[in-house]
Amino acid sequence: MSVEKTQVLAALRRVKGPDLESNIVDLGLLSEILIKNDRVYFSITIPASRAEELEQLRKAAEKVVSDLPGVAGASVVLTADMSGGMQRAPAPPPIRPTASVAAPAQPAAAPSPVVEHARVQAARAKGATGDGAGPRQAASAAASGERQMAGIPGVKHVIAVASGKGGVGKSTTAVNLALGLQAIGLKVGIIDADIYGPSQPRLLGITGKPQVAHGKVIKPMEGWGLKVMSMGFLVDEATPVVWRGPMVVSALGQMLRETDWAGSTGDLDVLVVDMPPGTGDIQLTISQNVPLSGAVIVSTPQDLALIDARKGIAMFKRVEVPILGIVENMSYFLCPSCGTRSDIFGHGGAADEARNLGVPFLGEIPLHMDIRETSDSGKPVTVTAPDSVHAGIFRELAAEVWTEVERAKGTLTPPPILDVIDGGSTLKAAFPDGRTFEFSAEMLRVMSPSAEVQGHSPEQRVTVGRKKHVKIKDLKPVGNYATRIGFDDGHNTGLFTWGYLHLLGREKDQRWGAYLEELGAKGLTRE
Ligand code: ADP
């Protein structure tokens with residue numbers, strides 16, 4: 001028996017509003033209620049400044065609905081009512097919110113203690129908030145002043161790709177960035193949260209819907225080696241845009257956590273979230289509901305887009321998500337027939353803006369027919385033309401983004417001193433931490449983090465044989481975070497970040513042993 005919306009509303013009438021005056025239904029705080037596959041999704045609008053104290057309210061609403069017969073689960077989020085939130089005082093201290101609360105941290109005012117409404121305190125003391133949280137838990141949470149955002153199972157890092165407005169190439173950049181991250185040897189997934197036009201399945205040439213793997217865990221779709229989920233799998237295209245927003249906010253967190261990202265291939269190093277364009281409440285709430293390691297802002301060179309990009313940066317800063325940097329898309333026109341570059345929108349706008357704002361500038365992507373055609377036909381340029389200039393640009397973008405992720409989490413590997421010795425047969429890398437590694441040219445060649453060696457995904461990694469006598473021809477530094485190594489057999493597309501080189505050094509013996517085993521198993525030789 002499936003549950004009816006009227007039953008859900010009746011249950012929710014038992015949940016009191018923020019000031020315990022009326023109930024959340026009659027106060028008009030609920031979004032539209034969506035029931036799909038016996039799961040109930042909705043959001044509750046609350047003043048932004050009170051999000052922290054009202055987590056109990058969210059839990060209570062989730063519980064009364066989950067307890068209804070015929071309900072398999074409920075997903076409830078708080079969405080910020082920005083206008084109310086901005087007027088109220090006192091401000092909560094600037095801390096990261098929990099997984100399910102929409103609480104914009106206020107501008108860096110002096111931290112003040114979280115003051116709970118007296119009636120909420122009294123109700124909690126009596127256990128009347130409906131969630132079983134007594135005074136002790138509440139007190140300890142407030143006292144610690146630290147709020148933890150639950151991680152996503154099977155995912156090490158989540159990065160958002162956002163833009164101040166639509167049409168700047170955010171989705172195109174997101175998918176090629178994801179594929180670029182994969183080409184530098186990482187395990188990558190992408191989730192499309194762009195409700196206004198979910199495009200990742202189309203960009204990756206995926207059709208169909210994901211399947212439930214076991215229990216309620218969803219098996220993600222796959223495209224070009226990426227694990228893929230999209231709000232488009234969940235939200236009907238016929239659903240009116242006005243209430244797709246709250247639905248996405250409530251369903252996204254759930255989709256993130258109930259997807260089997262790791263599968264049989266292990267945890268993803270990074271999951272890219274293609275955000276809805278713009279910087280309104282929906283984007284703000286997503287940024288607060290998803291444990292982001294950082295955000296990449298895509299902009300075009302025109303001023304207007306940059307103004308919007310600035311708003312995007314301000315939004316992420318408010319919720320303390322590190323800005324990994326700005327990418328300038330459609331930066332210059334690259335003539336498809338003669339390859340001439342024309343700076344039709346002027347040049348350097350985004351780089352200047354990044355400098356002014358004190359955020360990294362991650363690079364420029366040209367406006368080019370091949371990027372449009374490959375994107376729109378589900379064959380992204382980074383995988384279908386790995387040797388093209390564009391693929392190289394996206395791999396560099398990816399390496400730069402990954403470097404910023406490491407910098408943000410404080411694990412960035414500083415540059416080593418590199419020496420090519422033995423007539424090109426060995427690379428010596430002396431790192432500032434005192435560790436020095438020597439790599440044979442053969443090892444670097446066969447473990448090159450490039451599309452040629454990595455294939456489209458870690459599982460498709462190509463085993464390269466017959467490289468015993470290969471030599472290093474040259475080293476070309478890329479920014480201050482990587483080097484490109486050219487070999488005398490013509491291979492030169494691998495971008496070795498300092499982090500990857502250090503990792504190769506630390507795991508040299510295991511990796512070399514695994515390579516020899518792989519060669520043997522495939523009947524290949526080193527000679
Ligand atoms: P957004 O996600 O910002 O709305 P899209 O990624 O959907 O933007 O891009 C909008 C259109 O512009 C698409 O047709 C896409 O193929 C095209 N496009 C994006 N970036 C480029 C580029 N660098 N060169 C050529 N076409 C591009």
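For ligands, and for the atoms within them, numbers begin at 1 and follow the listed sequence.
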Within-shell test, S331 vs ligand 1, heavy atom, strictly < 4.0 Å: no
From I44 atom CD1 to I24 atom CD1, the distance as rounded to the nearest 0.5 Å: 4.0 Å
Spacing of CG belonging to D474 relative to CG belonging to N492, to within rounding of 0.5 Å: 7.5 Å
Residue portion contacting ligand 1 (non-hydrogen atoms closer than 4.0 Å) for H368: backbone
Short N or O distance, G166 and ligand 1, threshold 3.5 Å exclusive: no
For ligand 1, the portion of N329 having any non-hydrogen atom under 4.0 Å away: side chain
Worked check of side chain to side chain donor-acceptor pair (under 3.5 Å) between T265 and K227: CA-CA 11 Å; T265 46; K227 305 250 172 102; 3.1 Å; yes
Proximity to ligand 1 by part of S199, non-hydrogen separation under 4.0 Å: neither
Shortest protein heavy-atom distance from atom 8 (O) of ligand 1, along with the residue and atom involved: G169 N, 3.1 Å
G167 heavy atom under 4.0 Å from ligand 1: yes
Side chain proximity check, V401 to T403, heavy atoms < 4.5 angstrom: no
Distance, nearest 0.5 Å, that separates CG of L181 from CG of N176: 11.0 Å
Protein heavy atom at shortest distance from atom 17 (C) of ligand 1: R372 CG, 3.8 Å
Spatial distance of atom NE2 (H491) from atom CZ (R445) [nearest 0.5 Å]: 4.5 Å
Any protein heavy atom nearer than 4.0 Å to atom 15 (C) of ligand 1: yes
Pair R341-D343, salt bridge (Lys or Arg N to Asp or Glu O under 4.0 Å): steps then yes or no: CA-CA 7 Å; R341 168 180 173 142; D343 291 319; 3.3 Å; yes
D376, portion touching ligand 1 at heavy-atom distance under 4.0 Å: side chain
For atom 12 (O) of ligand 1, closest protein heavy-atom neighbour: M330 CE, 3.8 Å
Side chain to side chain, P416 and W498, heavy atoms closer than 4.5 Å: yes
Atom indices of ligand 1 within 4.0 angstrom of P366 heavy atoms, with elements: 22 (C), 23 (N), 24 (N)
Geometric N/O contact L367 with ligand 1, under 3.5 angstrom: no
Heavy-atom check, side chain of T259 versus side chain of V155, under 4.5 Å: no
Option set I371, T172, V175, D274, criterion heavy-atom distance to atom 19 (C) of ligand 1, minimum: T172
Which residue and heavy atom of the protein sit nearest atom 7 (O) of ligand 1, plus the separation: S171 CB, 4.2 Å
Distance-only N or O hit between ligand 1 and S163, under 3.5 Å: no
Atom pair OG (S287) and CE (M275), whose distance is rounded to the nearest 0.5 Å: 4.0 Å
